[in-house]
Participant: 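Let me begin by handing over the structure; questions about it come next.
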Amino acid sequence: MKSANPIFTHPAIQLLSKCKTLNTLKQVHGHMITTGLAHHTYPLNKILHSSSVLELTYAHTIFDHIQNPTVFLFNTLISSIITNHRSQTHLAFSLYNRIILSGDDKLKPNCFTYPSLFKACRSQPWVRYGSVLHAHVLKFLEPGCDRFVQASLLNFYANCGKLGVARYLFDQINKPDLATWNSLLTAHARNASASVGGINDTDSCLSLEVFRLFNEMQNSLIMPNEITLVVLISACADLGALYQGMWAHAYVIRRGLKLNCYVVTSLINMYLKCGCLGLAYQTFDKLPQRDTSCYNAMIGGFAIHGYGQKALQIYEKMRIVGVLPDNVTFNVSMFACSGVGLVDEGCKVFESIKEVYGIEPTLEHYGYLVDLLARAGRLQDAEKRIKEMPMKPNATLWRSLYAGARIHGNVAIEKVALKHLLELEPETSDNYVFFSNMYARVNKWEYVNRVRKAGT
DNA sequence: TTAGGGTTAG
């Protein structure tokens, strides 16, 4: 009987996965160097992976000391950078370039090289490299050799809005598995809800296509999972299709799928979009373990339906049970206050961002604060907040101040806000109309004509 | 003997 190679079962390798700090990892690495273990690819890959999660610089130093690293080691580092250190994506691409430009016949990218790189290409500034990578896939890999590469390509094109290419690539895949089906469904749902400026016929068609694809998927005997249902329920929300959404909810229960935070959040959102606040709350209330997103959906739901006080109660409950709020939580909570004039409560939420949670308020947070104050007629406070904020205010903030000043009849502040709006958006004709309307209201007709001329 | 693709909220 052949005994296992001791390298693979060495206790130092078991220890590696338990290292929680760079210091302990360095100790194990030192031990591996003295025992000669660090010369072998298998343990080297393990240490490269563990160190890249904890401290990328250390992993890079290890990598730079490896003579003739294999494509396996390149892939490990590339994928770890993209998964754990997205801001360092350029390092992943320079590693990829090293493979391509090595001139070494033994060093070629393989099917494990591409999925993470395509994932990186979904955000700027890397999007433009996607089609280059696609060309490399065709050059270096056998056609249709790997479903992971095919699915990641599909996701890349879907993310760019090139749904036709995504569908073409899907049709090339032999017996698509569950994740590939989910990719295609996600592609349609994402493109349906990604349009700017509201619903149009194309978007509705894409959401309807999600229904059709779901049926096609079931006919191909692939069992949907929670992810599939999240996509299906989101399509129902986009269409305002309550009956289909309820059917999907029942399907989750009937098929024994988990009502996890993703599924429940999409259900809450669907019920809210269909105007069923009660059903949204029932679904929220039944979930024993809720995450931040789930709370955000419910707070936002109460806010949109005009129940600011209820929204704040949920926000308070979140604090009591110890679920950490995020930027969205602060936004929706302040929005909830704004809608029903709970000014002091909204200000308290704003102050808590820094004082309680130690987070620097963002431009968007200031936007909600100014909107809250301006709507309530606290125009001097709103203007003071804009002037004292640490970043440059954008047009949205000045517009909120303008709207508040307009409603509450404060021409002086209205004028200040409009001047800033014109500076920031000289091309927006609405701003000139607002300005001339303001002068017309105070009977300054010579200015009305002057502003109108400037705006044409 | 190790690696890679799919989900929610304003």
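Quick note on labels: first sequence line is chain A, next is B, and so on, each numbered from 1. In what follows, every heavy atom counts, from backbone to side chain, and hydrogens, waters and symmetry copies are set aside.
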Participant: Which of these nucleotides, B:dG4, B:dG5, B:dT2, is closest to any side-chain atom of A:Asn155?
Facilitator: B:dG5
Participant: Whole angstrom is fine here: how far is it from CG in A:Leu257 over to C1' in B:dT8?
Facilitator: 16 Å
Participant: On a plain distance test, is the side chain of A:Ser183 in donor-acceptor contact with the base of B:dG5 below 3.5 Å?
Facilitator: no
Participant: Does A:Arg122 put a side-chain nitrogen or oxygen below 4.0 Å from OP1 or OP2 of B:dG6?
Facilitator: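 True: A:Arg122 side-chain N/O within range (under 4.0 Å) of B:dG6 OP1/OP2.
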Participant: Is the distance between the ring centroids of A:His134 and A:Tyr157 under 6.0 Å?
Facilitator: yes
Participant: Side chain of A:Ala179 only, heavy atoms from C-beta on: which candidate in B:dT7, B:dG5, B:dA9 is closest?
Facilitator: B:dG5
Participant: Using a 4.0 Å heavy-atom cut-off, does A:Asn260 contact any base of the nucleic acid, only the sugar-phosphate backbone, or nothing at all?
Facilitator: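 The answer is nothing, as A:Asn260 stays clear of every strand by at least 4.0 Å.
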Participant: In whole angstrom, give the distance that lies between atom NZ of A:Lys119 and atom P of B:dT7.
Facilitator: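 The distance from NZ of A:Lys119 to P of B:dT7 comes to 9 Å, rounded to the nearest Å.
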Participant: Tell me, with the steps shown, if A:Leu221 and A:Gln218 meet side-chain contact (heavy atoms from CB on, under 4.5 Å).
Facilitator: CA-CA 5 Å; A:Leu221 302 178; A:Gln218 284 190 300; over 6 Å; no
Participant: For the pair made of NE2 in A:His249 and P in B:dT8, what is the distance, rounded to whole Å?
Facilitator: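 Value for this atom pair: 18 Å.
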Participant: Are the ring of A:Tyr42 and the six-membered base ring of B:dT1 within the stacking cut-offs of under 5.5 Å and under 30°?
Facilitator: no
Participant: For the residue pair A:Thr362 and A:His365, confirm or rule out a side-chain donor-acceptor distance under 3.5 Å.
Facilitator: yes
Participant: Do A:Thr329 and A:Asn296 have a side chain donor and acceptor closer than 3.5 Å?
Facilitator: yes
Participant: Does NZ or CZ of A:Arg290 come closer than 6.0 Å to the centre of the six-membered ring of A:Phe284, within 45° of the ring's axis?
Facilitator: yes
Participant: When the distance from CG of A:Leu169 to C1' of B:dG5 is rounded to whole Å, what number comes out?
Facilitator: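 In whole Å, B:dG5 C1' and A:Leu169 CG are 13 Å from each other.
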Participant: Starting at atom OH of A:Tyr114, determine the distance to atom P of B:dG5, rounded to an integer number of angstrom.
Facilitator: 16 Å
Participant: For B:dT2, is there a stacking contact with A:Phe72, counting only centres under 5.5 Å and planes under 30°?
Facilitator: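 Here A:Phe72 meets both the 5.5 Å and the 30° conditions.
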Participant: What residues in residues 359-372 of chain A put a non-hydrogen atom under 4.0 Å from any atom of DNA chain B?
Facilitator: A:Glu364
Participant: Let's see if you can work this out: which of B:dG4, B:dG6, B:dT8 has an atom nearest to the side-chain heavy atoms of A:Asp146?
Facilitator: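 Taking heavy atoms from C-beta onward, the closest nucleotide is B:dG4.
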Participant: Would you classify A:Leu178 as touching base, sugar-phosphate or nothing, given that sugar-phosphate means primed atoms plus P, OP1 and OP2, and contacts are heavy atoms under 4.0 Å?
Facilitator: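 Touches a base.
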Participant: Tell me which nucleotide among B:dG4, B:dT1, B:dG5 gets nearest to the side chain of A:Ser79.
Facilitator: B:dG4
Participant: Base, sugar-phosphate, or nothing for A:Thr180, non-hydrogen atoms under 4.0 angstrom?
Facilitator: base
Participant: Kindly say whether the aromatic ring centers of A:His29 and A:Tyr58 come within a distance under 6.0 Å.
Facilitator: yes
Participant: Can you measure A:Phe74 atom CZ to B:dA3 atom P for me and round it to whole angstrom units?
Facilitator: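 Result: 19 Å.
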Participant: Rounded to the nearest angstrom, tell me the gap between atom CD1 in A:Ile233 and atom P in B:dG6.
Facilitator: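 Value for this atom pair: 20 Å.
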Participant: Rounded to the nearest angstrom, tell me the gap between atom NE2 in A:His10 and atom C1' in B:dT2.
Facilitator: 17 Å
Participant: Could you work out which one of B:dA9, B:dG5, B:dA3 sits closest to the side chain of A:Asn75?
Facilitator: B:dA3
Participant: So if I take every side-chain heavy atom of A:Asn182 and compare against B:dT2, B:dG6, B:dG4, which nucleotide ends up nearest?
Facilitator: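 From the listed options, B:dG6 comes nearest.
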Participant: Is any side-chain N of the basic residue among A:Lys348 and A:Glu351 closer than 4.0 Å to the acidic one's carboxylate O?
Facilitator: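 Salt bridge between A:Lys348 and A:Glu351, a charged N being under 4.0 Å from a carboxylate O: no.
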Participant: Indicate, with a heavy-atom threshold strictly under 4.0 Å, whether A:Asn110 touches base, sugar-phosphate, or nothing.
Facilitator: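 Base, at least one base atom sits under 4.0 Å.
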Participant: Is the count of non-hydrogen atoms from other residues, nucleotides or ligands lying under 6.0 Å from A:Tyr307 atom OH greater than 12?
Facilitator: no
Participant: By the 4.0 Å heavy-atom rule, please label A:Asn45 as base, sugar-phosphate, or nothing.
Facilitator: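 Here A:Asn45 touches the bases of the nucleic acid.
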Participant: Check every strand shown and say whether A:Cys294 touches a base, only sugar-phosphate, or nothing at a heavy-atom separation below 4.0 Å.
Facilitator: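 Since no nucleic acid heavy atom lies under 4.0 Å of A:Cys294, the category is nothing.
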Participant: Within the stacking criterion (centroid distance below 5.5 Å, interplanar angle below 30°), does A:Phe148 stack on B:dG4?
Facilitator: yes
Participant: Give a yes/no on whether any side-chain N or O of A:Arg290 is located under 4.0 angstrom from OP1 or OP2 of B:dA9.
Facilitator: no
Participant: Assess the side chains of A:Tyr96 and A:Tyr129: does a donor N or O sit below 3.5 Å from an acceptor N or O?
Facilitator: no
